Amino acid sequence: MMAETAKEEKKLKFGLFLGCNIPFSRPDVEVSMRSIFPALGVELDDLLGQSCCPTWGTMPSIDVVGWCAVAARNLALGEEKGIDLITACNSCYGSLNEARHKMLTNPEIHRKVNEILATIGKKYEGKAKCRHVAWVIYKDIGLEKLKESLKYTLDGITVAVQPGCHFLWPSEIYPDREKDPFNPVVLREICEAMGAEAPHYSKLIECCGMGALRSTDPEKSFILVREKMENIKEEIDADLIVTTCSSCLIQLDDAQERLRKEGKLNFSIPVMHLVQVIALCMGFDPEKVAGICVTPRDEIIKRILENKR
Amino acid sequence: MAEEEPRIGVYICHCGENIAGAVNIEEVKKFAEKLPNVVLVRDYLFMCSNPGQELIKQDIREGKINRVVVAACTPRTHEPIFRRALEDAGLNKYFFEMANIRDQDSWAHWHEKEKATEKAKQIIAAAVAKARLLEPLEDRYVDLTQKVLVVGGGIAGIFAALDIANAGYKVYLVERNPSIGGNMAKLDKTFPTNDCSSCILTPLMVEVANHPNIELLTYSEVEDVEGTVGNFKVKVRKKQTWVDWDLCTGCGACTNVCPPKARVPDEFNEGLSKRGAIYIQFPQAVPKKAVVDIDACIKCAGREFGTEPRKTKDGKPILAPCEKVCPTGAADRTKPRNPEGEVVELDVGAIILATGYKVMDKKHFKEFSPDSPNVITAMQMERLISSTGPTEGKLIVPSDIPKYLEWKKKVEKGEQVELDARKPHRIVYVSCVGSRDDRFHSYCSRVCCMYMVKQAMLLKEKYPDLDIYIFFIDVRTPGKDFDEYYMRARRLGIKVIKGKVGGVQRLPDERLWVRGYDAELGKPVELIADLVVLATAIEPSDGTFELARKLGITCGEEGFLKERHTKLYPVDTMTEGVFIAGCAQGPKDIPDSVAQAKAAAASAMSLLAPGKMKVEALVSEVDKEKCSGCGICVPLCPYGAISMVNYNGKMRADINPALCKGCGVCAAACPSKAIKLHGFTFEQVLAQVRTLAKRGVVEVL
Amino acid sequence: MEMMEEGVPPVINLSKLAEREETELEKKVAEIIKELGAERIMYCMQCGACASICPLAKTGFEWYNKKLIKALIVGLRDELLDDPTPWACVACNRCTEVCPRRVSPFEVMFAMRRLMAEEYAIGSLAIEGLRALYEYGHAVYMTGREARKKVGLPEKPPSTESDPKALEDLRKILKQTKLADLGLIPME
Amino acid sequence: MALKLAYLLVGGCGGCDMAIVDLSEKLVDALEHLEIVFWAPTVADVKYKDLEAMPDQSIDLGLISGMVRNKENEHLVKVMRQKCKVIVAFGACASLGGIPGMANLHENRELFENAYVKCMSADNPDGVTPQPVSKEGDFELTLPAFLDKVRPIDEIIDVDYYVGGCPPHHDHVARIVEAIVTGNLPPKGSWLTMGKAVCDVCPRNPALKGEKREYVKEVKRMHEGIPDEETCLLQQGYLCLGPITQGDCGALCTKVNIRCAGCGGPIPPTWDFGLRAISAIGAILDNENVVDELLKKYPNLTKMLYRYSLPKALLKK
Amino acid sequence: MGEEWEPNIICIACNWCTYQAADMAGSLRYSYPPTVKIVRVPCSGRVEPEFVVEALINGADGVIIGGCHPGDCHYKEGNYKALRRFKMLKKLLTELGVEPERVRLEWISGSEGLKFAEVMTEFDATIRKLGPFKR
């Protein structure tokens, strides 16, 4: 509802929800967001005082009400300003929306949460939600507008997309849903709009193995990375992996380099977050918007910057 | 007789120890003797026994009593028995009232004997109070129409129709498709005997068509039902066929020439191939007649129905291909035709609903890559292995069916070419797709386990090299010879895995990456398959709910027609005279459908055979002298039994006793107290209420 | 009970489990799990759909969704406390998407985490995350200041990092949750 | 020989007297057959003691209008019974308690306070309320004592016939007079009535137009709009009590677009108007929400249902 | 009466559900207070408000009407009519000074023998708490 009001005013505005991965581990993604959205006519509010979503290993693992309370405080920051949140991190997207879903479907939880929020002079009515950057680009901004704003394109580049689990499942909790979560097309269509080939590959919806799995048992986690990488190489021989998740970004970027060094992978494919690719194509400084990586990106960046529109 | 002062006999039953064990019979007797109009009180060990009933009969015959109160068990089971006793003794059977002192007294208050005795007195006093006000009533008989409507021409409808017709009654069989045969006509072979479905079905279809007592109305739908048990009036719409069925011989010439642009997915082949806009439902159709799917028809040569054809320069009419090839003129488009078809009215005494089922479409199951042509439903698999199917029974992957059709065309033209289509090597069956699934249907579809085994077995026997996997949650084979059948499949080397498939992903070469779980191994399993067959759930066929509504039958939560009682009245419905058979009532296999059809037929016939039907006298009646004509009662009647009629120049309410079921909602509402519900009149109920309120104290008017 | 020490024994003594539920726990383990958020655990029919696509099952963890659900339903509890599986769950929720019984196996995994947390069967990494959440408002808190500087961002993001009042609020919230009851981390 | 007639108004407004006067010429015609021996306190100049002085059973017919509210009413009604061979409870008050009957929902103290103290036009700082005996200087003034409840006259004396209406319609009065004069009377204890509902004579009755009555889809009070002139008021949601009310009035109200409020009294053999109304109206309301709407719009249901007949309700407060 | 007062309760029961439930309660030996006496009617839609009031003014201390669950009426919708009447009746009785707990409408299906016994036990307790109906 809030997004619609914003649309009427011809001005999109969101609360920029950073999370933890992005500001501390991949701040170049943060720069990308801060660069591309104003350029696409979207106003971002800093949402001062935001915290961790909370991520899965923290409050969700301790207490449902506690999880929802922390999430509700973040969502309330947007609700107070009459705006939705926007995130580039799937974990935040999942945790915030899952908590919201719990509150909206279970009045008892919602009541308890608001009791807790009342002690800090806040409340959460359930209006504000968290939107995903990819969906805002796809639905609110539109692919036409995106195309127009590009200085460079992805022509001739084959992209393997990695939407990530919390972009898809469980589909019923999210504000925006793929028609078929088992055959997601939003990210592919965005990349194609930018000129890339973004074919389907059979392990497209497989998990990257980041998060708790990696911290608990990295070796097991890397099985998933390896499988995925090999499938990408074999089936579509991609030049670039584009993801909409900060965790997938870190995992695929970091782990494939480890696997390569251990001799378990004999190729490497650069990995970027969608907002980074857009920022590059819009002509922002590669150092600032895509400067942090483990798997080398120089070559792909060079190729992109050769593709003047 | 009604003028006579009531002389009430009260009969108290001991019910062995059941009543006497808690109720002091002697005390109650003494009490009852003092009640007004009571002339005698007797007790007996078992009132419902022959000697017990004889006591009553004798007292009536000797003129001692003219009203009977039996204090015993519940009227729900025993009222009819005692009423018959009254009748036998020559007393109007409605001069009877029962006092429930067992189920609602001695049993419930077994350990409070004094209070149970006290309560028994009150109950009897109330019954006596009502008995004083009883009136003689006459049951009426109405004539029945000894004809039956069977809705649905699948195997259940066919059997019901044949059984009834063979018994000499007229049957109307209404089927909405052009041909009867139903889903069974699509099946290749049937479990557990593996005989060919059409070989056993087609003769029955022909028998129906030729039966002198059966009037077949195909391509027709029930539009409206009025009336009640014994005398229903049914409106049936015969849809426009756009082909003159009197002339059509079913030669099929027209169907071959219908142009590619007018071709649409063939329902009979479950969309695996296409049919023309003008088509015959399937080769063994009965009746074998063509119809035009008017939405698909592209009106070749501008041939709208009811127009004269344009002429060529030399004056020859330009006809659509179908009418041009029709040897009998059945496809002639010059004659105007009513797009709405025609409505016929049928009078029947009973209705059997055999509207069958449909299988769920695969599109709902996103996790199984329904977009892949090589993921198919089991019903599609039936067509794929059937010799009348899209590939004439040749097993190829469905993604190659277009290649097959191309090849066939060339061969028909006489070209010598090899068929370049992939044969599946590995086939995976997935069970419980949409069944036992809270997102779709929580019920078990009941036939899937068996038909998966059947298909796998047929394939394996024909192609021993095939690698077949069946993923079950639980294997369910409760039926005669069913488990033996299943074990035979296991012996053939079909790999049965206990565990559900959680994902099917499409590979670039149109093969499929199947991910399942093997509960016995306790591990996830995966494999690459050429063909995935989904055992999608069985659902009630479209329109079941609407039809049920028209007939006043409820559908269960899942949309299947609700039987009157799960165990005792499995083919009856809450609407008297309407019976159900087959999958309309719930998923079932062919043996069960046939058994149920025969049961429904027998039930319908036992209803109609006497030619007359007794109508209970416990219905409402309007005293037109008292009626003020306000009409409040008219909309209240759930059966539309009340209408306003002219009575001495005034509009007065009138109740049709044949439609009235005796609920009394009108009697309660009548502001003029002009409506009386016989058997539960205002005065009668009030007398009971007052007597109980006064704790059974003898009431003197 | 003596058989608990070494994890799940080769033969599971169901009657002992049942006795424990009656006497020690006075509640079915599944009931406890329900109260911890997995409300539909008893709807499970053990079809295995969740396991077929579970990253944990695939990578060889022992007590992945389907098996954990079954274990809890039969009454295993203490025997599972040393197992790392629940803490390895990536919360991908694909199981929730495919579950025909709307059990939400993910929720069972997390209810198990909550149960384990109550028994202090919680890894140091998780505790570290909770501590960081309380201390900074960020669970994944790395000294990313250099990186931020490198890309031209202010040292601190506009979060609880830059807003002491907000951090105070967050802490106040956390103090009203089970986290405080459990005393897993120091909270002034 | 002319019939001797006595007319007494007790606790009433005099409207029923007016209904008789409204007979105009017909009354004049009737006077040929009637000898009015007593008509107090409105028309004839006679005193109560005159009535008391008449021999017992000397009057052929006594009409009593109004209900019994005080000791004087009670006394006079008893005198009438003594003097008259036949007593007719004339009008809603006498038969059913009438509008004043609604006072039975309240304590006398509450009634006095409202009438003499709280009422806007009252200037009564000392809160004086009527007392049976009061001193005015040296004089002792008496007033008839107020009874605890409003009573229809059949609670005091035996009544031979009942006539409904507030007031009875003059056409109906004419019919009654004629019946009395000709001696064409039903068994004692009956209503003098056509015995049919208002609907029977209401031109709006759907049945007259060959239409089916429908469920009532909403509830409206009269001030919530102007009803359609043709359609049944109840059908339109105005809770017309015509179906439950004796229509000897000729559907006077509904003909001028006002819903029937029940003054004609319940249709025999019913005595409890409200319970019948619930049974009929409750059934014809389309759904529960409409019932809720009704209960909301009529916060005092009792007064709506028993506007003219509360003292005759089976269940008394 | 006086110290030995026992409530007098009348249950007006639909033949197709509550009456059947009462039979079932008996046959399964679920006991409930013998203060409850049943009047059988074909449908809760047959119940006239007069029955309830007559019961009370003639000596009953509580009246309970038993009908089929919504959607289950043997006569399609009689129970809805009962509910609508009952709502109005209850309001009226309350205004006339009757404790609303003395009258009750319950949906008890033919299979709910246990529910019948439970409801009646509870209703009896409610009436005991209220004491005799004084009129």
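Computed from a predicted structure; not experimentally measured. Order of the sequence lines fixes the chain letters, A, B, ..., with proteins taken first and strands second; residue numbering starts at 1 for each chain.
For chain C, no part of A:Phe17 is nearby; none of its heavy atoms comes within less than 4.5 Å. Residue A:Arg34 touches chain C through its side chain alone, counting heavy-atom pairs closer than 4.5 Å. Residue A:Ile109 does not touch chain C at all, counting heavy-atom pairs closer than 4.5 Å. The contact between A:Thr216 and chain C is made entirely by side chain atoms (from C-beta outward), counting heavy-atom distances below 4.5 Å. The contact between A:Met210 and chain C is made entirely by backbone atoms, counting heavy-atom distances below 4.5 Å. The contact between A:Ile223 and chain C is made entirely by side chain atoms (from C-beta outward), counting heavy-atom distances below 4.5 Å.
The cationic group of A:Arg258 does not satisfy the cation-pi geometry with A:Phe222, failing either the under 6.0 Å distance to the six-membered ring centre or the 45° limit from the ring axis. A cation-pi geometry, defined here as NZ or CZ lying under 6.0 Å from the six-membered ring centre and within 45° of its normal, holds between C:Arg113 and C:Phe110.
Counting heavy-atom pairs closer than 4.5 Å to chain C, the top-ranked of the candidates A:Ile205, A:Ile62, A:Leu47, A:Val65 is A:Ile62. Between chain C and the options A:Thr119, A:Leu16, A:Ile173, the largest number of non-hydrogen pairs under 4.5 Å is found for A:Thr119.
Proximity to chain C at a heavy-atom threshold of 4.5 Å picks out A:Glu98, A:Lys102, A:Asn106 from residues 94-106 of chain A, in numerical order.
In terms of heavy-atom proximity, C:Val98 sits nearest to C:Ala49 at CG2-O, 3.9 Å. The two residues A:Gln50 and A:Leu18 make their nearest non-hydrogen contact at OE1-N, 2.8 Å.
Using a 4.0 Å cut-off between a side-chain N of Lys or Arg and a carboxylate O of Asp or Glu, C:Arg114 and C:Glu118 do not qualify as a salt bridge. No salt bridge links A:Asp28 with C:Arg148; every basic N to acidic carboxylate O contact stays at or beyond 4.0 Å.
At distances below 3.5 Å, at least one donor-acceptor pair connects side-chain atoms of A:Thr58 with backbone N or O atoms of A:Thr55. Using a distance-only test at 3.5 Å, with no hydrogens or angles considered, a donor-acceptor pair links the side chain of C:Arg171 to the main chain of C:Tyr134.
More than 12 heavy atoms of other shown residues, nucleotides or ligands fall within 6.0 angstrom of atom CD in A:Glu80.
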